[in-house]
Peer 1: 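My questions will all concern the structure given below.
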Amino acid sequence: MESFFEKVYRVVRTIPRGKVVTYGQVARLAGRPHAARMVGWAMSASSPARPVPWHRVVGAGGRLVISKAVQYFQIQKRLLQQEGVEFRGDRVVMSRFQWQRGLRKASRRAQS
DNA sequence: ATACTGACACGGG
DNA sequence: CCCCGTGCCAGTA
């Protein structure tokens, strides 16, 4: 049977270029609504052997969760901008770039 | 088995 | 907007 991580990677690989989803969203799509932290762990564990577009997964509200002290913070921002994703400060403009996937309720978080 | 630690989310203050 | 506590779940010491 497919492990939770397999599902997470599968979901992340379906994110179209130029769009982003939140850790919580991936957790829900993978069948574990409360496993957002596991998703983050899975992303940090991604390797060249199992390539996944980890940079398209962001925190709630479009925040880049990776510590600004870590090099990956800038790498992620740069990769997203290369795909056309726009930022307002350090957060993605979710109203236009969050990938929607059959979500019954509209995304309620898009303020500041 | 207990304690601590995350690339999280969310409600409060 | 920032900082904190709580809920969450697997890995590590």
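Letters go in sequence order (proteins before strands), and every chain restarts at 1.
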Peer 1: Rounding to a whole Å, what distance do you find between Trp54(A):CH2 and dC8(B):C1'?
Peer 2: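 Those two atoms, CH2 and C1', are 16 Å apart.
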Peer 1: Do any pairs count as a side chain to side chain donor-acceptor pair (under 3.5 Å) and have a residue in residues 2-15 of chain A, sequence neighbours left out, and if so which ones?
Peer 2: Glu2(A)-Arg10(A), Glu6(A)-Arg50(A)
Peer 1: If I take atom CZ in residue Arg37(A) and atom P in nucleotide dA9(B), what distance separates them, rounded to the nearest angstrom?
Peer 2: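 Taking CZ of Arg37(A) and P of dA9(B), I get 10 Å after rounding.
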Peer 1: Using the side-chain heavy atoms of Thr22(A), tell me which of these nucleotides is nearest: dA10(C), dC8(B), dA9(B).
Peer 2: dA9(B)
Peer 1: Whether Lys19(A) and Glu83(A) form a salt bridge (side-chain N of Lys/Arg under 4.0 Å from carboxylate O of Asp/Glu) is what I want to check.
Peer 2: no
Peer 1: What integer distance in Å separates Leu64(A):CG from dC8(B):P?
Peer 2: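 Going from CG in Leu64(A) over to P in dC8(B) covers 12 Å.
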Peer 1: Counting side-chain heavy atoms from CB outward, which of dC1(C), dA9(B), dC9(C) is closest to Ala60(A)?
Peer 2: dA9(B)
Peer 1: Rounded to the nearest angstrom, tell me the gap between atom CG in Leu80(A) and atom P in dA7(B).
Peer 2: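 Going from CG in Leu80(A) over to P in dA7(B) covers 18 Å.
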Peer 1: So which atom in Ala30(A) and which in Val8(A) form the shortest heavy-atom distance, rounded to 0.1 Å?
Peer 2: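 Scanning both residues, the minimum pair turns out to be CB-CG2, 4.1 Å.
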Peer 1: State, with a plain yes or no, whether a side-chain heavy atom of Gln76(A) is found less than 4.5 Å away from one of Ile66(A).
Peer 2: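 SC-SC contact between Gln76(A) and Ile66(A) confirmed.
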Peer 1: Let's test your reading of the model: under 3.5 Å, does the base of dA7(B) pair with the side chain of Tyr23(A) as donor and acceptor?
Peer 2: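 For Tyr23(A), whose side chain was compared with the base of dA7(B), there is a donor-acceptor pair (under 3.5 Å).
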Peer 1: Please tell me whether Gln81(A) and Glu86(A) have a donor and an acceptor in their side chains that are separated by less than 3.5 angstrom.
Peer 2: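 No pair is found: no donor N or O on one side chain lies under 3.5 Å from an acceptor on the other.
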Peer 1: Measure CZ/Arg28(A) against P/dC9(C) and give the value in whole Å, please.
Peer 2: 14 Å
Peer 1: Whole Å only: how far is the CZ atom of Arg91(A) from the P atom of dC1(C)?
Peer 2: 5 Å
Peer 1: Restricting to nitrogen or oxygen on both sides, can you table the protein-nucleotides 11-13 of chain C pairs closer than 3.5 Å?
Peer 2:
none

Peer 1: Side chain to side chain contact (heavy atoms under 4.5 Å, CB included) with Gln82(A): which residues, sequence neighbours excluded?
Peer 2: Arg78(A), Leu79(A)
Peer 1: Whole angstroms only, please: what is the CD-C1' distance between Gln25(A) and dA9(B)?
Peer 2: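 Interatomic distance, CD of Gln25(A) to C1' of dA9(B): 13 Å.
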Peer 1: Name the closest nucleotide to the His34(A) side chain, picking from dA7(B), dA9(B), dC9(C).
Peer 2: dC9(C)
Peer 1: Does Arg32(A) qualify as a cation-pi partner of Phe4(A), given the criterion of NZ or CZ under 6.0 Å from the six-membered ring centre and within 45 degrees of its axis?
Peer 2: yes
Peer 1: Can you tell me how far P of dA7(B) sits from CZ of Arg63(A), to the nearest Å?
Peer 2: 13 Å
